[in-house]
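Each remark here refers to the structure printed beneath this line.
Throughout, numbering of the chain's residues begins at 1 and tracks the sequence. Small disclaimer: the values here were computed from a predicted structure and weren't measured.
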Amino acid sequence: MSVDTVSLTGWGRTAPTTAVRFRPRTHEEAAAVVRGRGPRGVIARGLGRSPGDAAQNAGGSVLDLTGLARIGGVDAAAGAVRCDAGVSLERLLRVLLPLGWLLPVVPGTGRVTVGGAIGSDLPGLDHHRSGSFARHVSALELLTADGEVRTVLPGTALFDATAGGLGLTGVILGATLRLRRVATALMSVSTERAEDLDDLLARFTAGGDRLPYASAWIDLMARGRATGRGILTRGEHATPDMRPAHAGRTLLSPRPGGARGRFRIPGCPPVPGGLFGPASAALYNEVRYRGAPRARTGELRPVGAFFHAADAFPDANLLYGRGGLVRYRFAVGYGQEETLHRVVRRIAARRSPAVRAVLQRFGAADPGGLSFAAPGWSLALDLPAALPGLARFLDDVDEEVAAAGGRVCLAKDSRMRPEAAAAMYPGLAGFRELRGRLDPSEAFRSDLSRRLGL
């Protein structure tokens, strides 16, 4: 097992803190770290793709689980696979697809570990049908504060607290995941432009669930009648008899042979990392919106390209400058669309350089006490952390979201106040009580848990 002292941040590159990092290769080594933890405790970490501070532990220990990355064979009769927590979803996809299998929930990035997907209870593009990631876990191995490994099953209080519990109930070492049969490694994709936010929401719900996977990019730089305009993308698993109707097109791609942190917008000069200001962001959004088809169906894309398009740009976080980025993801229930409208209008009015903004539709809530997804609409956006007045602005948005009965995603958070989290998550009191019983010495801690009093 390797050990070093290192400064860590989330993918947003804000608020670095120093911890002792352990890289165990076996469950026994991981258990030894938990038993020998210091007064600042320990937290598990995967690939570091959480934008905030959920996998940081200032002055304490961090368990880097990427060395635990074994994948067992697929049990075809049960439709399941057993794997270590450090396996990335990207790698799991490469193993499963040639065998005709896919995870029932595929989040928007493959560069997250299985343990991270469970600990964050990540939703996919068909949440209204399939729920979040942990709903399809049939068992998990959890290293608890006493250094013992427990098999935890769905329907138990410990499982519900661990799903979305951000590593604060223990270290997830492995899991058995249920799988979905697929006939091909392709998706049949529909794309259409919406003129404003009302149009976009209407298109989301039109047509029912014929195409189960859906998300939309919103132009948060557009104002006036075009406020909230966007591009809706929907998909279904392709069958062997489908043939390509249109060739796909990349709207933003790394400059071939270019330097790290440089990106090219078709028809525009390359944009160096850190120089995406309001003017270049507005230009990018205009090109992206105008470049999308008004309506197109039957485009075939590889599964990975459909679900993980953003992974083609691993250095996209450099676009936001040295201060890093804040990812703000919130959800409000059906019937609270006016709150969504107000937030979109407020962001557009600020002229903040927001180029990433993803709208999704959620279904029934998941049982995890701190799980994010609940019936309604979710909007995720990235903003430069150095924007003047950003902290106060987002605090105000927090209050508006909480007043509407909504919530901000804890797994993405890097700046929320503890009173806002308590107002948004009614299950927080029960989560704290269970943690107090299982882990009275608070063995598992993170910068996020201290900041929010989790």
Side-chain angles (χ1 to χ4, degrees), residues 108 124-126 128-129 186-239 241-253 263-268 271 278-310 312-313 316 337 340-341 343-345 347-348 351 353-361 377-382:
L125 299 184
D126 66 336
H128 60 286
R129 176 181 288 190
L186 296 172
M187 302 293 296
S188 177
V189 181
S190 165
T191 306
E192 54 192 296
R193 283 195 335 220
E195 296 179 352
D196 57 27
L197 186 54
D198 279 329
D199 185 25
L200 185 58
L201 297 180
R203 290 173 184 270
F204 242 111
T205 54
D209 292 340
R210 187 181 65 82
L211 300 178
Y213 302 99
S215 69
W217 168 79
I218 295 183
D219 180 1
L220 290 178
M221 303 295 292
R223 293 185 290 182
R225 293 182 178 179
T227 300
R229 70 180 181 179
I231 304 167
L232 174 62
T233 303
R234 292 184 286 189
E236 62 180 336
H237 293 287
T239 56
D241 60 315
M242 291 181 176
R243 294 292 182 267
H246 300 279
R249 176 162 59 144
T250 300
L251 295 170
L252 175 66
S253 60
F263 299 81
R264 179 176 291 278
I265 302 168
C268 304
V271 179
S280 55
L283 176 60
Y284 165 75
N285 284 7
E286 182 70 22
V287 170
R288 179 170 184 176
Y289 181 75
R290 298 297 175 189
R294 291 186 180 276
R296 178 175 65 194
T297 60
E299 178 193 2
L300 294 188
R301 297 184 196 173
V303 164
F306 176 77
F307 287 106
H308 301 150
F313 320 111
E337 285 79 7
L340 179 62
H341 275 274
V343 173
V344 168
R345 287 196 297 267
I347 294 169
R351 299 296 289 166
V355 296
R356 182 192 181 275
V358 179
L359 182 71
Q360 287 182 244
R361 184 163 63 103
W377 301 98
S378 163
L379 178 61
L381 59 138
D382 291 346

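Using a 30° and 60° split on the angle between ring planes, Tyr213 and His237 fall in the perpendicular class, above 60°.
For the pair Leu200/Leu232, a side-chain contact is recorded, criterion being any heavy-atom separation below 4.5 Å from C-beta on. Contact of the Arg193 side chain with the Asp199 side chain is not registered, since no non-hydrogen atoms from C-beta on lie closer than 4.5 Å. For the pair Val355 and Asn285, the minimum side-chain heavy-atom distance is below 4.5 Å. Considering only heavy atoms from C-beta on, Leu201 comes within 4.5 Å of Glu337 through its side chain.
The shortest non-hydrogen separation linking His128 to Leu125 is CE1-O, 4.4 Å. The minimum heavy-atom distance linking Gly108 with His308 is given by the pair C-CD2, 3.7 Å. Of all heavy-atom pairs spanning Ile231 and Arg288, the tightest one is CD1-O, 3.5 Å. In terms of heavy atoms, Met242 sits closest to Leu300 at O-CD1, 4.1 Å. Between Glu236 and Pro212, the shortest heavy-atom contact is CB-CD, 3.9 Å. Closest approach of Arg229 and Ala222 over heavy atoms only: NE-CB, 3.8 Å.
With rounding to the nearest 0.5 Å, the separation of CD1 in Ile218 from CD1 in Ile347 is 9.0 Å. Interatomic distance, Ser190 OG to Glu299 CD, rounded to the nearest 0.5 Å: 9.5 Å. Atom CG of Leu359 sits about 11.0 Å away from atom CG of Leu381, to the nearest 0.5 Å. Put simply, CZ on Arg234 and CG on Asp126 are 14.0 Å apart, with the number rounded to the nearest 0.5 Å. The structure places CE of Met221 at 11.0 Å from CD of Glu286, a figure rounded to the nearest 0.5 Å. Atom NE2 of His341 is separated from atom CG of Leu197 by 4.0 Å, given to the nearest 0.5 angstrom.
Side-chain atoms of Arg301 never come within 3.5 Å of backbone atoms of Ser188 as a donor-acceptor pair (strictly under, hydrogens ignored). A distance-only check finds no donor-acceptor pair linking the side chain of Trp217 to the backbone of Tyr289 [under 3.5 Å].
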Verify side chain to side chain contact (heavy atoms under 4.5 Å, CB included) between Val189 and Thr233, making sure each step is shown before the conclusion. CA-CA 7 Å; Val189 181; Thr233 303; 3.6 Å; yes

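We find that Arg225 and Glu195 are not joined by a salt bridge, their nearest charged nitrogen and carboxylate oxygen being 4.0 Å or further apart.
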